Visitor: 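I'd like to ask some things about the structure below.
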Number of protein chains: 2
Amino acid sequence: MGLLGRKYVMEIVCIVGVHGTVRFGEIESHLPGASTSTLSTRLEELVDAGLVERERYAEIPPRVEYELSADGEELATRLEPVVEWVAEREEMST
Amino acid sequence: MGLLGRKYVMEIVCIVGVHGTVRFGEIESHLPGASTSTLSTRLEELVDAGLVERERYAEIPPRVEYELSADGEELATRLEPVVEWVAEREEMST
DNA sequence: CGGTATCCAAAGTGATACTG
DNA sequence: CAGTATCACTTTGGATACCG
């Protein structure tokens, strides 16, 4: 899946995975570099790919929550060691 | 590292990891989608990041071999489950 | 063979406006 | 709040050709 190579995808999967269920704004706050529109697009792609599920609540104010699907969880599990190592390695060089 | 999110990076790491030492052309043949220039750029970035090492031989015809550094090996190990799972999942849907 | 140089298309960004 | 839409702009990536 070329989707994995797209910007922010791994990060999003991890963020959602860690939180369990997350709202749009929260994901956004963890990705300062990503624009609203890009994040929106990525999330849609992830939902289409069956890795993330979106739950929309008809409330005021509106609330939308994202969480990983079973496949998403599986991916997150496998992704964890990678992201962890990368994070550690980044600290070293700073 | 945002580098991981760049196109082909994970694939390249895996390809180099599997082969041990690889020549430019061989990597290219495993990535039909990537253009020469992109591959060249990616390899340079990977070398700069200390994940891949380049060995240039002053022969005719010229030969250049790439192989993973210790860090690259570590990354490849952690990346393996991810790539494996993604590959299986792709097969399912085809 | 293994690239770099060049030029062009596509993806992503930022800001802002608008909707349910 | 959680987006979608738009537009101008920057960054990436692709195609091709040429060089050592």
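This structure is a prediction, so every number in the text was calculated from the model and none was measured. The analysis underlying the following values was restricted to heavy atoms, covering all of them including side chains, and did not include hydrogens, waters or symmetry mates. Chain letters run A, B, ... following the sequence lines, proteins first, then strands; residues in each count from 1.
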Visitor: Measure from NZ or CZ of A:R63 to the centre of the six-membered ring of A:Y57 and say whether it is under 6.0 Å with the direction within 45° of the ring axis.
Guide: yes

Visitor: If I take atom CD in residue A:E59 and atom C1' in nucleotide D:dA2, what distance separates them, rounded to the nearest angstrom?
Guide: 12 Å

Visitor: Tell me whether the guanidinium CZ or amine NZ of A:R42 lies under 6.0 angstrom from the six-membered ring centre of A:Y8 and within 45° of its axis.
Guide: no

Visitor: Mark up nucleotides 10-15 of chain C, 5' to 3', with B wherever a protein heavy atom is under 4.0 angstrom from a base atom, S wherever such an atom reaches only the sugar-phosphate, and - elsewhere.
Guide: --SBS-

Visitor: To the nearest angstrom, how far is A:E55 atom CD from D:dA2 atom P?
Guide: 14 Å

Visitor: Backbone N or O of B:P81 within a donor-acceptor pair of the A:R78 side chain at under 3.5 Å?
Guide: yes

Visitor: Please answer whether the main-chain N or O of A:E67 pairs with a side-chain N or O of A:T21 as donor and acceptor at a distance below 3.5 Å.
Guide: no

Visitor: How far apart are the C-alpha atoms of A:V64 and A:R23, what are their side-chain angles, what is the distance that settles it, and do they pass the side chain to side chain contact (heavy atoms under 4.5 Å, CB included) test?
Guide: CA-CA 6 Å; A:V64 179; A:R23 303 177 61 167; over 6 Å; no

Visitor: Measure from the side-chain N and O atoms of A:T77 to the backbone N and O of A:E73, and report whether any donor-acceptor pair falls under 3.5 Å.
Guide: yes

Visitor: Quick test of your reading: applying ring-ring contact (aromatic ring centres under 6.0 Å, His included), list the pairs with at least one residue in residues 24-53 of chain A, sequence neighbours left out, ordered by first then second residue.
Guide: A:H19-A:H30

Visitor: May I ask you to check whether A:T38 and A:S35 show a side-chain donor-acceptor distance below 3.5 Å?
Guide: yes

Visitor: For nucleotides 1-3 of chain C, list the nitrogen or oxygen atoms of the protein found under 3.5 Å from its nitrogen or oxygen atoms, one pair per line.
Guide:
residue: C:dC1; atom: O3'; partner: B:R23; partner atom: NH2; Å: 3.1
residue: C:dG2; atom: OP1; partner: B:R23; partner atom: NE; Å: 2.8
residue: C:dG2; atom: OP1; partner: B:R23; partner atom: NH2; Å: 3.2
residue: C:dG2; atom: OP2; partner: B:G25; partner atom: N; Å: 3.2
residue: C:dG3; atom: OP1; partner: B:Y66; partner atom: OH; Å: 3.4
residue: C:dG3; atom: OP2; partner: B:Y66; partner atom: OH; Å: 2.6

